[in-house]
Amino acid sequence: MILCANFKANKTRQETRAYMAVVESFVAANEIEDTVMVFPPFTALEHLSRNVLIGVQNAYPAQNGAYTGEITLEQLDEFGIKTILIGHSERRHVLGETQEQIAAKFRFFAENGFVIIYCVGEPIEVRELGDKALMQYVDAQFEGIDCNYTDLIIAYEPVWAIGTGLTPTTDQIVTMHSALRAKTSAPLLYGGSVKVDNAQSIMELDNVDGVLVGSASLGANDFCEMIALAAELKQV
Ligand code: 13P
């Protein structure tokens, strides 16, 4: 399993340090073999972990340059960062990134050998239009994206499930993940209101290879509990 904690714009550097100390020692003490990734805000990137992968939530696709307010490859290299989220719903819908920009970002970070967690997912009004419209919408989010990229991980995060406490039904997740499986052999994560209570039942679904967790990952102990649930699954 792959377990990812996306902090979004939460936590200070100090808080991230304390969090990482808890998660790292949990992973070490329990000899966790699953992949654990944390995506803190840029200001907390000091931390280079050994048993937990640190990634960024975003970056500008350039070596360096005149991109006010952005950070680029040069800054990521300094921290040894080789993992990035691309296409997150909040970048698409809150910050207005277009598919063209997202595809350019994907190409750049793929050329630079990053592990890319590529996020897709539909808003509620699209889901309400039915399966055909839903698949067309998600297909369009793959425009310009190389589904055969070696270090690709896909995250399906329905916009309406993010931060809302709503989750799709088991059938809805399985249907979407099997459609994604037909496109790519990359690991498939589910994200959107994953909590300690529902993490295990989501992780045991067909074609779910892990979870991308927002608010419920902010508590280090909660995130550790989800890591433990994933480890338990392997033993059954
Ligand atoms: P929540 O877990 O807070 O719904 O957020 C999901 C998400 O966007 C993770 O990237």
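Every value quoted in this text rests on a predicted model; they were computed, and no experiment measured them. We count ligands from 1, going down the list as the structure has it; atoms in each ligand are counted the same way.
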Looking at ligand 1, is there an atom of it that comes within less than 4.0 Å of some heavy atom belonging to [X]?
{"X": "Lys195", "value": "no"}
{"X": "Ala161", "value": "yes"}
{"X": "Ser193", "value": "yes"}

Assess the side chains of [X] and [Y]: does a donor N or O sit below 3.5 Å from an acceptor N or O?
{"X": "Gln14", "Y": "Tyr19", "value": "no"}
{"X": "Gln99", "Y": "Gln141", "value": "no"}
{"X": "Glu125", "Y": "Trp160", "value": "no"}
{"X": "His88", "Y": "Gln57", "value": "no"}
{"X": "Lys105", "Y": "Asn58", "value": "yes"}
{"X": "Ser201", "Y": "Glu204", "value": "no"}

_Under a 4.0 angstrom heavy-atom cut-off, which atoms of ligand 1 come close to Asn6?_
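Within the 4.0 Å cut-off of Asn6, ligand 1 contributes 9 (C), 10 (O).
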*From the options Ser217, Ala216, Cys4, Gly163, select the one whose nearest heavy atom is closest to atom 4 (O) of ligand 1.*
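It is Gly163 whose heavy atom sits nearest to atom 4 (O) of ligand 1.
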*Fit a plane to each ring of His177 and Tyr190, take the angle between them on a 0 to 90° scale, and name the class: parallel (under 30°), tilted (30 to 60°) or perpendicular (over 60°).*
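Correct class here is tilted.
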Quick test: of every protein heavy atom, which one is nearest to [atom], and how far off is it to 0.1 Å?
{"atom": "atom 2 (O) of ligand 1", "result": "Gly214 N, 2.9 Å"}
{"atom": "atom 10 (O) of ligand 1", "result": "His88 NE2, 2.8 Å"}
{"atom": "atom 9 (C) of ligand 1", "result": "Glu157 OE2, 2.9 Å"}
{"atom": "atom 5 (O) of ligand 1", "result": "Lys8 NZ, 3.1 Å"}

